[in-house]
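Worksheet: one structure, shown below.
Lettering of chains follows the sequences in order, A, B, ..., and the numbering in each one begins at 1.
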Protein chains: 2
Amino acid sequence: MFVNVNANSAVRPKFLGEHDGLSRAQVILSEFKYSRGTEVFGEAEPAEYVYQVVEGAVRSYKLLSDGRRQIGAFHLVGDIFGLENGAVHRFTAEAIVDTTVRLAKRVNLEHVARADALVARDLLSMTTSNLQHAENHMLLLGRKTSLERVAAFLLEMDSRLTAAGVMALPMSRRDIADYLGLTLETVSRTLSCLHGKGLLDFLGQTQRQIVLRNRSELAKLDL
Amino acid sequence: MFVNVNANSAVRPKFLGEHDGLSRAQVILSEFKYSRGTEVFGEAEPAEYVYQVVEGAVRSYKLLSDGRRQIGAFHLVGDIFGLENGAVHRFTAEAIVDTTVRLAKRVNLEHVARADALVARDLLSMTTSNLQHAENHMLLLGRKTSLERVAAFLLEMDSRLTAAGVMALPMSRRDIADYLGLTLETVSRTLSCLHGKGLLDFLGQTQRQIVLRNRSELAKLDL
DNA sequence: CGAAGTATTGAGACGTCTCAAAATTAGTGG
DNA sequence: CCACTAATTTTGAGACGTCTCAATACTTCG
């Protein structure tokens, strides 16, 4: 099932096993592919692995009993996810598009962390940046209008995945809505509104390629 | 300004310096009092100390430029707050009522953590529980109704500060609203509604002492 | 090219917010 | 301790933003 791969990809972000993200950790790495829509791990499942997106995109979410969904984060190329302190995962993680992940056995990581204080420090700083993102997102979900939420989303994605001026969103309107605490219709309407104001353009024949025309106006909308 | 105190209080929770929360750390501890409404630290201020509530209650919040406020957490007796990985605080912290805190210099704590892996582990697990709280709160803020939010709030506070069956809330309706992403009127109406249904009672002549009459019905409301 | 999935747009419903007033509680100084 | 004032809470009525439901358009994929 798991294929051992150590081939170097020529991609920008720092990957597990390269001496950065998780220092010069001697952890066993594998790669695995998930096709669009499949689950990487489920909420409350034992947290056996830690993952990093090599290619594609992943959403982590929680569900209420009646199906309402809150996406806590999108994981894009280079992002590490599924890192838990406790025994089980607190989110469900699904591939948004066909996705390749690199994975490390959690117990190995913990073993290395015990020996190497730098690795332990990396674990803390990753957890801290997750916390920081969650804190900012609470402000968005609790207090921002739909326009402010969508503007914040666009700016976040712009900074994380824009290549050559074009932002190719992997996620659907529904995913965006569940991330922003809105409905997909409200997201769609708000994007149309921003397009109408000349702040962004839709590119080609897909609605998921977006070009930001006026970042500073968007930034003003995101208080 | 800071008074060195090592007197043992006879209170329930484990405190800094007692061999639990932060292991057998040899950190210098002081106590300090903040009167109702005063700021303990501000957002983006250098994070020089880590705090623990000895008596009273604290709110941590973020503000938007126009004054909208999102409270990220309430810190009650025993809770540690102001723990940062980065150089600065990401929230403003204010005393809700007259409050006594114990505080430790952050650099000392880091120094100890470097020497003692158990302390380092405690730091990570504290950050993780903050993260876990934030993740649950994102679900609440993004997807729950006002009734579900208030029910969740009551159950959270019930588990954290009920003494002798009575829950003495230190925070105002406005604080609750800013925690739940609602307005104070909606919080008040929702509490009235729950009272009307016989799920809770208001005690004495204050509106901040509440007795939960039917926890299981409340739990059903909090999906 | 047809079918399924996704996005847009519209119209009306609904939940929460806003504004306002009254009731209650807390705080202050005599 | 009381009287007075300020602050907080409750309650009401109407406004507003987002949601729901529905229809249409567009894109993707077999």
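Within the structure, a side-chain polar atom (N or O) of B:T186 is placed less than 4.0 Å from OP1 or OP2 of C:dC17. Side-chain N/O atoms of A:S172 include none lying less than 4.0 angstrom from OP1 or OP2 on C:dG5.
To the nearest angstrom, P of D:dC26 lies 14 Å from NE2 of A:H195. Following rounding to the nearest Å, A:Q209 (CD) and C:dT6 (C1') show an atom-to-atom distance of 15 Å. One can place CD of B:Q207 at 10 Å from P of C:dT24, the figure rounded to the nearest angstrom. To the nearest angstrom, C1' of C:dT8 lies 15 Å from CZ of A:R174. Rounded to an integer number of Å, the gap from CG of A:L180 to P of D:dC19 is 10 Å. Atom CZ of B:R68 is separated from atom C1' of C:dT18 by 14 Å (rounded to the nearest Å). Atom CZ of A:R208 is separated from atom C1' of D:dT28 by 10 Å (rounded to the nearest Å). The distance between atom CG of B:L182 and atom P of D:dT9, rounded to the nearest whole Å, is 15 Å.
Figure legend: A:R59 and A:F74 shown without cation-pi pairing, the cationic atom not lying both under 6.0 angstrom from the six-membered ring centre and within 45 degrees of its axis.
The aromatic rings of A:F153 and A:Y179 lie perpendicular to each other, with more than 60° between the two planes, well past the 30° mark. Ring-plane geometry between B:H75 and B:F81 is classed as parallel, the angle between the planes falling under 30 degrees on a 0 to 90 degree scale with a further cut at 60.
Each of B:R173 and A:T206 was matched to the nucleotide of DNA chain D holding its nearest heavy atom; the match closer to the 5' end belongs to B:R173. Summary of the strand contacts: A:R143 and A:L191 both lie near DNA chain C, and taking for each the nucleotide with the nearest heavy atom, the more 5' one is attributed to A:L191.
The aromatic ring centres of B:F41 and B:F91 sit 6.0 Å or more apart.
Within the 4.0 angstrom heavy-atom criterion, no nucleotide atom of any strand lies near B:G37. Across all strands shown, A:R149 has no heavy atoms under 4.0 Å from either base or sugar-phosphate atoms.
Look at A:E156 and A:R160 and you find a salt bridge, because one of the NZ, NE, NH1 or NH2 atoms lies within 4.0 Å of a carboxylate O, short of that distance. A salt bridge links B:E48 with B:K105: at least one charged nitrogen is closer than 4.0 Å to a carboxylate oxygen.
A donor-acceptor contact under 3.5 angstrom links the side chains of A:Y61 and A:E94, judged on distance only.
Five base pairs at each end of the helix from C:dC1-D:dG30 to C:dG30-D:dC1 define two local axes, and these are offset by 50° (rounded to 10°).
Distance from the side chain of B:T183 is smallest for C:dC17 among the nucleotides C:dC17, D:dC19, D:dA22. With D:dT11, C:dA7, C:dT8 as the candidates, the nucleotide lying closest to the side chain of A:S188 is C:dT8.
No N or O donor and acceptor, one from the side chain of A:R189 and one from the base of D:dG17, sit under 3.5 Å apart.
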